[in-house]
Amino acid sequence: MSRKLRSQHWFGGLDKDGFIHRSWMKNNGLPDDAFDGRPVIGICNTFSELTPCNAHFRGLVEHIKAGVLEAGGLPLEFPVFSCGESNLRPTAMLFRNLASMDVEEAIRGNPIDGVVLMAGCDKTTPSLVMGAASCDLPAIVVSGGPMLNGRLKGRTIGSGTDVWKFSEDVRAGVMTPAEFMAAESAMSRSPGHCMTMGTASTMASMAEALGLALPGNAAYPAVDAHRARLARLSGRRIVAMVAEDLRPSHILTREAFANAIRVNGAIGGSTNAVVHLLAIAGRVGTELTLEDWDRFGRDIPTILNLMPSGTFLMEDFCYAGGLPAVMKEIADLLDLDNPTVTGKSVGENIADAENYNPDVILPRAVALTQQGGIAVLKGNLAPQGAILKPSAATPGLMQHRGPAVVFETIDHYKQRIDDPDLDIDETSIMVLKNCGPKGYPGMAEVGNMALPQKLLKQGVRDMVRISDARMSGTAFGTVVLHVAPEAAVGGALALVRDGDWIELDVAGRRLHLDVDEAELARRRQLWTPPEVAMPGGYQGLYVERVMQADRGADLDFLVGCRGHAVPRESH
Ligand code: FES
Ligand code: MG
């Protein structure tokens, strides 16, 4: 190594401090030469049995360590807060920012020269990248990979997407509770994360599209030996990245985010990528706005035929050539010069990519939709913006005017939705309040509200829904999300009443509440903020300092890169 590495400020001294830092590490079995100035690679592991999507990481990490050792580095694994989607309440999103603080401080406070970020389940990828971006030491993402395709009674079923479908079928009376139970074991057949193009697969794809992961990272199934090989090669590569001093701030340029937004449109990626990319850009100090999602993503054809927008699953995506093949199909729309963790450009990384299955990765002429990406809506109901994913919506509902049926909270929705006397039909617009960052708290994935049972039984399967919530990346429907400002801070959403007329015009990017200003002002006078569910503690801090969805729902004091200067000695 041509320069003195950061870790040598711990391990290189001959005084009592050097003694302390080395001596205790030697109880790991490390010999003297472990401290000779070789790069120290932190491996940030989100293993947890409570995050089942990442529960195979104890095995995967060994491949990363082998790669680091082969390249002459010293691998040191450390655990961080693991944000598991399926168990954490009130929502894993509440803890994304907490986990990112853990990552940032653990990297900066320790003798680390570069870091491997082991992510899988939805929030683990953004939390790790946000923390690493705020530190800006060389970093590479290794995703845990998706589960094998779900299989039920001879047919393919997808994580999340089919849960929403099956549960509507049970409510509509066309699936029995016993069949519903049987689907549980059929859906999750192997280690790995959701194998639809949900948020986990989307964020693994975003890491790859941004240039933060090796090509192929997104799609190899968790149990595929290619995944282990990619982990090993990533271990080798991070050692070289330390030598090159190739850091997130070099890779995460505005062009990288533009590429990622375009790729998100091409893969029919999760709406959750919107808040995560905005938050990551905020950490690294790259300018990115909600409007950029519309600007860069508009008219990107959705060519990846995966659930929830299409039919196939991640295993099929892998066999079709993975993300490099998708990026090659839209190469003329991408910035090919941006640097990546390989040390090569985006264009060089995808030069040899091939599409092996045009039913999975479609030719552009027969894309699922020519209007992929994310539509950013504005209007008096969402002055700071709201979003909708056209590829998951019903074309006939994307221009719609209907009367509001209002649910003040998620509990109010649950009490009211199956009331046979509820005045609602398929032209109504369902409005849900107080599910945003401060309101839920944590901006839960409840925006894709299930439809009323009485309408399901009539065969209705989609209606316009509007809220300040998020929805699962595996979900679908004509669902307007992330309304900002949220109801809990007194946004116009808080003022909507039953029977108000609302206009949704996706082509015109408009979301309008047809109530005059004087009446809205009168209602605003009567509005009182909801009570904070849990004052104090992390949740209290979160509600006090979280920014709105159009700023990525990060905590305001976490925005920015605080660097990796060596802190003062501990003794
Ligand atoms: Fe972990 Fe879907 S629950 S990825
Ligand atoms: Mg989710």
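Whatever order the structure lists ligands and atoms in, that order sets their numbers, starting from 1.
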Next on the checklist: Centroid separation under 6.0 Å, is that true for the rings of Tyr413 and Phe407?
Outcome noted: yes

Item to check | Under 2.8 Å: N/O/S of His193 next to atom 2 (Fe) of ligand 1 | outcome: no

Checklist entry - Just which atoms of ligand 1 are under 4.0 Å from any heavy atom in Ala200? => result 4 (S)

Next on the checklist: Heavy atoms only, cut-off 4.0 Å: how does Cys194 contact ligand 1, side chain, backbone, both, or neither?
Outcome noted: both

Checklist entry - Charged N to carboxylate O under 4.0 angstrom, Glu486 versus Arg551? => result no

Checklist outcome for this item: Nearest non-hydrogen contact to atom 3 (S) of ligand 1 from the set Gly473, Cys53, Pro146, Gly160 belongs to Cys53

Item to check | Salt bridge present between Arg461 and Glu168 (N-O < 4.0 angstrom) | outcome: no

Item to check | Proximal atoms of ligand 1 relative to Glu85 (non-hydrogen, under 4.0 Å) | outcome: 3 (S)

Checklist entry - Does the distance from a Lys or Arg side-chain N to an Asp or Glu carboxylate O, for Arg58 and Glu77, drop under 4.0 Å? => result no

Next on the checklist: Does Lys389 qualify as a cation-pi partner of Phe476, given the criterion of NZ or CZ under 6.0 Å from the six-membered ring centre and within 45 degrees of its axis?
Outcome noted: no

Checklist entry - Near Cys121, which atoms of ligand 1 are under 4.0 Å from a heavy atom of that residue? => result 1 (Fe), 3 (S), 4 (S)

